[in-house]
Novice: 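Supplied in structure tokens, the structure appears directly below.
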Number of protein chains: 2
Amino acid sequence: MARATIKTIAQKADLSVGTVSRALKDCSSVKDKTKERVRQIAEEIGYVRNLDGLRLRTGRTYSVAVVMTTPTTGSHEWEGVEYTNILNGIMGALRGTMYRAAIYPVDDFDSSFQEIRNIVEQRLADGIIISGTRPDDARISYMLEKDFPFVTYGMSEHFTPYSYVDANSQQMSYEATARLLRLGHTNIVTINPPDELMYSKQRQRGYLRALEDAGIKTPTDFIATGPLTPEFGKATVKALYNHNNKPTAYICANEASALGVLSAFHELGIEFGKDAIVNATDDINVSAYFTPPITTYYLPIEETSKALGEFIIRRIEGEPAQDLQRMVMPQLIERQDDRLKP
Amino acid sequence: MARATIKTIAQKADLSVGTVSRALKDCSSVKDKTKERVRQIAEEIGYVRNLDGLRLRTGRTYSVAVVMTTPTTGSHEWEGVEYTNILNGIMGALRGTMYRAAIYPVDDFDSSFQEIRNIVEQRLADGIIISGTRPDDARISYMLEKDFPFVTYGMSEHFTPYSYVDANSQQMSYEATARLLRLGHTNIVTINPPDELMYSKQRQRGYLRALEDAGIKTPTDFIATGPLTPEFGKATVKALYNHNNKPTAYICANEASALGVLSAFHELGIEFGKDAIVNATDDINVSAYFTPPITTYYLPIEETSKALGEFIIRRIEGEPAQDLQRMVMPQLIERQDDRLKP
DNA sequence: AGCAATAATTGAAACGTTTGTATTTTAGGA
DNA sequence: TCCTAAAATACAAACGTTTCAATTATTGCT
């Protein structure tokens, strides 16, 4: 039982393949009655378009490349579950369209750039989604220059408009810091992703601005940057344990690092709520089960990642990039009082 | 600058496209010197094979379908990070081959079956990887019947040999239970995935066998089955809190549910190490940072998931299924003493 | 009824491969 | 040198689509 092709339909309908092709794509040059008949037959014999033929002919790939650094490659550390969620969201958005997602796991910036060049040069995909953006991101410059459709998760500092989806890291960071200041904390440590990432920069800006507005100065080593693993969170706490100004609050960029902070508390005998507290941003609902549950900023990751999928398709279909930008504001979830008790 | 094709090479080398095609695939009917020349030119002009033409002609897709239930679809609960790791492993194994992975996220068993039928009937992939196997798994029967290459993550009770990769859940469960019995626990609760899954069955068997061997009976409600989320782990502890036989140990099927158990301990005032303890299997290195760190069985998930990728390719290329089976034994990591202190 | 304009359809080529068959080249003997 | 067998290459069709140009059918008007 060979697969039904457009030719099968043509035969059955006593039409030429060309007409059938047009009928199926609802072309205006074919009579309504004919279209109906063709669709009828197609349905009947369970015809589905062969993508390979389509691609070969049109030169389009109908696939979206998702170029993401895979957190767990190499390291055995948990860097959060974002990867999964993002993938899910993108695929959810693609479902029902003609597009498929092709995942390109990469290890670092350089190999992601390499992969992108490949994709663009050999037209391996119609559009690209990237994450881990940098302030001056060469990949973005490249794709802009090549006029290749793309959407970024996270922003950069390019002035040419491009399509992005992002959480408002700076404002969130500002508010988180301001809130803790209001609650009486003065020695606030912030745990951030590696320095070269845009959202690390944004977070640091928000943090510093809040301190500035409150007229408070903190030592520079209260800004920690590194891989957002539990290990790093733990190491940060340990490193600052004997600091002159003892930290009383930590703002972690994700739940994984916050878990590490809690682990350090436990190990060092730092009592939560008395000696220090922890907050996390980019919550994805794990920290509700930490011991103790911590205050977080919830990131609606299904929403952002779904937008990624939608945007890339609309971008591919020609919508201007400046219409495809979304900034979401994470939402505070107060699971603790976060004042220090005497 | 149009992409270089086989035709470009043919022109440059003054050969027919057919010969070039054969030369590139190292066919014995073409002279060595010619092959060399062709390769030289191909290299020079940066030729890469167009997959669409290849597919169209050969009818092969050179893609591997990964049909997995995506944990976070719908629910906001963390079900562990396995999904990511498995994907990574598979893609790692595929890297360098001609094959690409195509992810098919599904919600439940029925839709996964549906998706598989689709893939097989329309030859959307050359092989399929599935997980979430059941003792009598209709999807496996179907693919066996259609003689379609596949590899499962987890086993079933089919007698026809098929290719699989699995952790030895039963033995692990047996040993985990036996160990706790040796340490003096008698009221051991086991938290398992939903009943219909094969590895739930295996876990329960191992558990029961260990108790039997020790001549101990536990109430049937000490075997909990449900989604492996923190929420479920927490709910289980709460449900058994007022039980006649107070549980003193929990064996969780993953770290997510163990996190929930710890959370319940904290909330109910159950003191870890004094009132009760928790173990987890399928460790992927998160629980080292729990409060407190818990004893686990480490699953080398990169290894197993890499095997999935390797196996499906070898299966597609014709290796018999019975040569493509792997069972790995998770390794005990004792982070706690796990005896109850008075 | 005849004509022009338009609507609907057909034919054929093309996308980049692979592969079966036909053809040419080469090598080895006599 | 010529013939035969084997080796190397060329030719052409095919995979399933789309699309341009060409053809046929239909309509509206006088």
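All values derive from a computational prediction rather than experimental measurement. Order of the sequence lines fixes the chain letters, A, B, ..., with proteins taken first and strands second; residue numbering starts at 1 for each chain.
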Novice: How far does NZ of K306(A) sit from CD1 of I86(A), to the nearest 0.5 angstrom?
Specialist: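 So the NZ of K306(A) and the CD1 of I86(A) are separated by 16.0 Å.
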Novice: Would you say a side-chain N or O of Y47(A) is under 4.0 Å from OP1 or OP2 of dT17(D)?
Specialist: yes
Novice: Taking only heavy atoms on the protein side, list every residue of residues 14-37 of chain A lying under 4.0 Å from any atom of DNA chain D, sorted numerically.
Specialist: G18(A), S21(A), R22(A), K25(A)
Novice: Name the nucleic acid region contacted by D52(B), choosing base, sugar-phosphate or nothing; use a 4.0 angstrom heavy-atom cut-off, strictly under.
Specialist: nothing
Novice: Ignoring hydrogens and angles, answer whether the base of dT18(D) and the side-chain atoms of R57(A) contain a donor-acceptor pair closer than 3.5 Å.
Specialist: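 Yes, the side chain and the base share a sub-3.5 Å donor-acceptor pair.
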Novice: Which whole-number value in Å describes the distance from I6(B) CD1 to dA14(D) P?
Specialist: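 I6(B) atom CD1 is separated from dA14(D) atom P by 19 Å.
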Novice: Less than 4.5 Å apart, side chain to side chain, heavy atoms only: is that true for F150(A) and I116(A)?
Specialist: no
Novice: May I ask you to verify if any side-chain N or O of R49(A) is less than 4.0 angstrom from the OP1 or OP2 atom of dT18(D)?
Specialist: yes
Novice: Would you indicate whether Q322(B), at its atom CD, is surrounded by more than 12 heavy atoms from other residues, nucleotides or ligands within a distance under 6.0 Å?
Specialist: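 Atom CD in Q322(B) is crowded, with more than 12 foreign heavy atoms closer than 6.0 Å.
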Novice: Whole angstrom is fine here: how far is it from CG in N50(B) over to C1' in dT18(C)?
Specialist: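 To the nearest whole Å, that distance equals 13 Å.
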Novice: Does atom CG of D26(A) have more than 12 heavy-atom neighbours, drawn from other residues, nucleotides or ligands, at distances under 6.0 Å?
Specialist: yes
Novice: Would you mind telling me which of R60(A), R315(A), R314(A) makes a salt bridge (charged side-chain N to carboxylate O under 4.0 Å, His left out) with D126(A)?
Specialist: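 By the salt bridge (charged side-chain N to carboxylate O under 4.0 Å, His left out) criterion, D126(A) pairs with just one of R60(A), R315(A), R314(A): R60(A).
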Novice: Taking atom P of dC15(C) as reference, at what distance in whole Å does atom OH of Y62(A) sit?
Specialist: 18 Å
Novice: OG1/T97(A) to CD/E310(A) distance, rounded to the nearest 0.5 angstrom?
Specialist: 10.5 Å
Novice: Find the distance L54(B):CG to dT18(C):C1' and express it as a whole number of Å.
Specialist: 8 Å
Novice: Roughly how many Å is it from CG in L56(A) to P in dT19(D), rounded to a whole number?
Specialist: 13 Å
Novice: If the helix axis at each end comes from five base pairs, how far does the helix from dA1(C)-dT30(D) to dA30(C)-dT1(D) deviate from straight, to 10°?
Specialist: 50°
Novice: Rounded to the nearest angstrom, tell me the gap between atom NZ in K7(A) and atom P in dG11(C).
Specialist: 13 Å
Novice: Could you state the atom-to-atom distance from CZ of R60(B) to P of dT19(C) in whole Å?
Specialist: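 Rounding to the nearest Å, CZ of R60(B) and P of dT19(C) are 10 Å apart.
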Novice: Do R57(A) and D52(B) meet the salt-bridge criterion of a basic N to acidic O distance under 4.0 Å?
Specialist: no
Novice: Starting at CZ of R55(A) and ending at P of dT17(C), how long is that distance when rounded to a whole Å?
Specialist: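 It is 15 Å, rounded to the nearest whole Å.
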Novice: Can we call the ring centroids of Y162(A) and Y164(A) under 6.0 Å apart?
Specialist: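 Ring-ring flag for Y162(A)/Y164(A): true, centres closer than 6.0 Å.
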Novice: Pair V106(A), M68(A) - check side chain to side chain contact (heavy atoms under 4.5 Å, CB included), show working.
Specialist: CA-CA 6 Å; V106(A) 293; M68(A) 294 186 70; 5.9 Å; no
